[in-house]
Each structure stands twice: as C-alpha cells, then as structure tokens.
Amino acid sequence: MGLCRGEVQLTTPRLLGPADVRRLAELCGIRPTKQRGQNFVIDANTVRRVVRTSGVGVDDVVVEIGPGLGSLTLGLLEVAAHVTAVELDEVLAAQLPSTIAEYAPDQAAHFDLVTADAMQVTELPGPTPTALVANLPYNVSVPVLLTFFERFPTIATGLVMVQAEVAHRLAAGPGSKTYGVPSVKAAWYAELRLAGSIGRNVFWPMPNVESALVAWTRREPPGDEAQRLRTFAVVDAAFAQRRKTMRAALSELAGSGPAAEEALVAAGISPQARGEQLGVEEFFRLGQFLTPA
C-alpha cells in the first residue's frame, strides 16, 4: 500500500547487537562494573521479547531506569509513543542521545533523558508516564521499583528484568519460602507475576546470577499515605525475625506483648501467626489497630 499525500515513512530503530554494544562501550571508554550492576543486553531478540512481554503499545509513555548503552531503549522506541530514560552514569547518559540519533533518528523527538539517581527523581519531563520497563541493576532493584510505585501513580503497568532471586521475592504470595518484605510492599501498589526467565548469555559481561522478568499491573492501594506508612512499619517489624510469632515480633512496635496481642485479635489475626502467612490486606488491617509505641 502506498503512502498517502503528506505521510512520512518512519524508519524502524536498529537494535544493538554484541558488536554494537562493545563499540559503544569502547567509544565511551567504559568497562562494565559490578559495583553498579552493569550488565548490558547484547541480544536483539531478547530486547524484542522483553518489549513484547511488557505489553507496551503505541499509546504508552514509558519510563526506563538504567538504560545503559540503549539496547532496551531502542526496542521501546520501536513501539511506544514516548520513552523517558533515567540514567545515573554521566558518561553513559552523555552517549545515549547520540546512540538514539544514530540507531533511531526518526524516534529521537520522542525521547527524553534524565541524568540522575532514580531514587532522587521526583518528576519527569515530557508526557505523563503510563508504563515502566527496565533492566534494573541487581543491587538497587527493589528500592527503585518501590520508589517509582510511590512517586508516579500514573504508571499503570510495567515489566522489570531483575535477578531471579529478587523476581521470585517480588512475585511471591503468602506462605511461599521467598515471601517477605519486598513481596508485601510491592503488593500494596500492584499485582505482580513472574513473566519468564532470561539466560546469562544475553548479557555482557555475563553475570554470575540468573535473571527473570516480573510483570505488574497497578492496583488501588488498600489505604492512603499515612496508612501505608503504618502498614509498612508493621511489615518491617514482622519480618525482622521471621521465626517469631506476630505477637513476639510486634511487641516492641506496640510497646508490649499484650498490646501487640490486643491489636492482632482486634484485626482478626492469630497472635501465633507468622509474618509469612499474612497478605497485604491483613497487614493493612493490623496497621489500623496497632498504635506504635
């Protein structure tokens, strides 16, 4: 089918392969460091799989945290309306616009870059974000994700690539061996699910750990900000010593064992229960009855 008068044929972004990634890294004069969890994706098929699994479409404004050399960024620009990348490394951030101009020139106008620590970002340029897709550094993946959940409520869906152990913790439900603080706090904001595993050989350098995908959909939180803070305080106390009963685990927070037991009974929770048995709604309910000491 021919183009209508006035239409412009846009060139599809070219995705990075192993040689491209190494060339760009050499151009930047960087060597990936374990300290910042830098493992760059070198496989275009993996990028396409991540983007496809994320469900991002032509109406989405995507936030990407830690774009690195731009492998995933280019894949997102292929399908999304707009991509805003947040990069801490100043050298990587300085190179990224040139990479977009070279590999996705027709999409460059639909790209914004924020050079900052993602944990410190409180606002984003460009259109209001609707999705978050990222290959998150292993050492900061949970706090970064929770921070963006809290600060950007318009982000309704997302997909993150994280260390497999972290992925299982995020997606775990009550009763699971991997269920803990990250599971409950993430569940306050969203419904999370495992969305596949990622082989080590698609990264450069090859990491020492397995990776996995976690997809999520925003849910209405159980309560307001004050109630969230109270609930999270209970969650932290409940999992500080996993083997303790809730009565024992919450005695310091409540001021005494009897006060903790009174709050538990009022919330309809057995004082002998343990934190790993409770869902986010039960923690929320308990937070409303528990008056911190």
Handout entry: Over all atoms of both residues, closest heavy-atom pair of Val114 and Pro125
Key = CG2-CD, 3.4 Å

Practice task
Using atom types as modelled and distance alone, determine if a side-chain donor or acceptor of Arg274 lies under 3.5 Å from a backbone N or O of Arg243.
Solution key: yes

Practice task
Could you tell me which residues satisfy side chain to side chain donor-acceptor pair (under 3.5 Å) with Thr130, sequence neighbours excluded, listed by chain and number?
Solution key: Asp60

Practice task
Kindly say whether Thr11 contributes a backbone atom to a donor-acceptor pair with the side chain of Gln107 at under 3.5 angstrom?
Solution key: yes

Fill in the blank from the handout: Separation between CE (Met161) and CG (Leu72), nearest 0.5 Å, reads 6.5 Å

Fill in the blank from the handout: Applied to residues 206-229, the salt bridge (charged side-chain N to carboxylate O under 4.0 Å, His left out) test, sequence neighbours excluded, yields Glu150-Arg228, Arg200-Glu210, Arg219-Glu281, Glu225-Arg228

Problem - Connected via hydrophobic side-chain network under 4.5 Å: Val58 and Val62 - result: no

Practice task
Please answer: with hydrophobic residues joined when any side-chain heavy atoms are less than 4.5 Å apart, are Leu77 and Val79 in the same cluster?
Solution key: yes

Practice task
Any pair with a residue in residues 64-74 that passes side-chain hydrogen bond (donor to acceptor under 3.5 Å, both in side chains), sequence neighbours left out, goes on the list, sorted by first then second residue, please.
Solution key: Glu64-Thr73

Problem - Step-by-step side chain to side chain contact (heavy atoms under 4.5 Å, CB included) determination, Leu132 to Phe152 - result: CA-CA 10 Å; Leu132 187 154; Phe152 300 99; over 6 Å; no

Fill in the blank from the handout: Note: Ala80 and Val83 closest approach over all heavy atoms is CB-CG2, 4.3 Å

Handout entry: Contacts of type side chain to side chain contact (heavy atoms under 4.5 Å, CB included), residue Thr115, not counting sequence neighbours
Key = Glu90, Ala93, Leu113

Practice task
Provide the full list of salt bridge (charged side-chain N to carboxylate O under 4.0 Å, His left out) pairs with a residue in residues 50-59, sequence neighbours left out, each pair given once.
Solution key: none

Completion exercise
For Leu278 and Ala273 the tightest heavy-atom approach is CD2-CB, 4.4 Å

Practice task
Locate the shortest heavy-atom distance separating Asp89 from Leu92; write the atom from each residue and the value.
Solution key: OD1-N, 3.1 Å

Practice task
Can you measure from CG (Leu192) to CZ (Phe149) and round to the nearest 0.5 angstrom?
Solution key: 5.0 Å

Exercise for the section: For residues 257-273, pull every pair meeting salt bridge (charged side-chain N to carboxylate O under 4.0 Å, His left out), keeping only residues two or more places apart or in separate chains. Expected result: Arg247-Glu261

Practice task
First locate atom CG of Leu74, then atom CZ of Arg14, and finally report the distance between them rounded to the nearest 0.5 Å.
Solution key: 9.0 Å

Problem - Joint hydrophobic cluster, Val61 plus Val56, side-chain heavy atoms closer than 4.5 Å - result: no

Handout entry: Ser183: partners by side chain to side chain contact (heavy atoms under 4.5 Å, CB included), with sequence neighbours left out
Key = Ala172, Tyr179

Problem - Short side-chain to backbone donor-acceptor contact, Glu102 and Thr99, under 3.5 Å - result: no

Exercise for the section: State whether the side chain of Arg151 and the backbone N or O of Val121 hold a donor-acceptor pair below 3.5 Å, judged by distance alone. Expected result: yes

Completion exercise
Of all heavy-atom pairs linking Leu159 and Trp216, the shortest is N-NE1, 3.9 Å

Fill in the blank from the handout: Value for CZ (Phe232) from CZ (Phe284), rounded to nearest 0.5 Å, stands at 12.0 Å

Problem - Contact list for residues 176-191, test salt bridge (charged side-chain N to carboxylate O under 4.0 Å, His left out), sequence neighbours left out - result: Lys185-Asp236

Exercise for the section: Test Asn135 against Phe203 for side chain to side chain contact (heavy atoms under 4.5 Å, CB included), laying out the working first. Expected result: CA-CA 11 Å; Asn135 172 21; Phe203 296 100; 3.9 Å; yes

Exercise for the section: Identify whether the distance between the nearest side-chain nitrogen and carboxylate oxygen of Arg169 and Glu165 falls below 4.0 Å. Expected result: yes

Problem - Partner set under side chain to side chain donor-acceptor pair (under 3.5 Å) for Glu78, not counting sequence neighbours - result: none

Exercise for the section: Identify which one of Leu145, Val140, Leu146 satisfies the side chain to side chain contact (heavy atoms under 4.5 Å, CB included) criterion when paired with Val142. Expected result: Leu146

Completion exercise
Rounding to 0.5 Å, atoms CH2 (Trp188) and OG1 (Thr231) come to a distance of 4.0 Å

Practice task
For Phe148 and Val160, run side chain to side chain contact (heavy atoms under 4.5 Å, CB included): C-alpha distance rounded to whole Å, both residues' side-chain angles, the deciding distance at 0.1 Å, then the answer.
Solution key: CA-CA 12 Å; Phe148 270 69; Val160 292; over 6 Å; no

Handout entry: Sequence neighbours excluded, every pair satisfying ring-ring contact (aromatic ring centres under 6.0 Å, His included) that has a member inside residues 65-123
Key = none

Handout entry: Distance, nearest 0.5 Å, that separates CG of Leu264 from CG of Leu290
Key = 7.5 Å

Handout entry: Where Ala237 and Leu253 come nearest, the two heavy atoms and their spacing
Key = CB-CD2, 4.2 Å

Practice task
Please examine the side chains of Leu16 and Phe40, heavy atoms only from C-beta on, and report whether any two atoms are closer than 4.5 Å.
Solution key: no

Handout entry: Whether Thr84 side chain and Val63 backbone form a donor-acceptor pair below 3.5 Å
Key = no

Fill in the blank from the handout: Residues passing the side chain to side chain contact (heavy atoms under 4.5 Å, CB included) test with Pro205, sequence neighbours excluded, are Pro32, Asn39

Problem - Note, Pro143 side chain near Met119 side chain (heavy atom, < 4.5 Å) - result: yes

Exercise for the section: Could you list the residues that satisfy side chain to side chain contact (heavy atoms under 4.5 Å, CB included) with Ala212, not counting sequence neighbours? Expected result: Ala164, Ala167

Practice task
Could you walk me through whether Leu286 and Met246 pass side chain to side chain contact (heavy atoms under 4.5 Å, CB included), step by step?
Solution key: CA-CA 11 Å; Leu286 179 56; Met246 289 294 289; 3.6 Å; yes

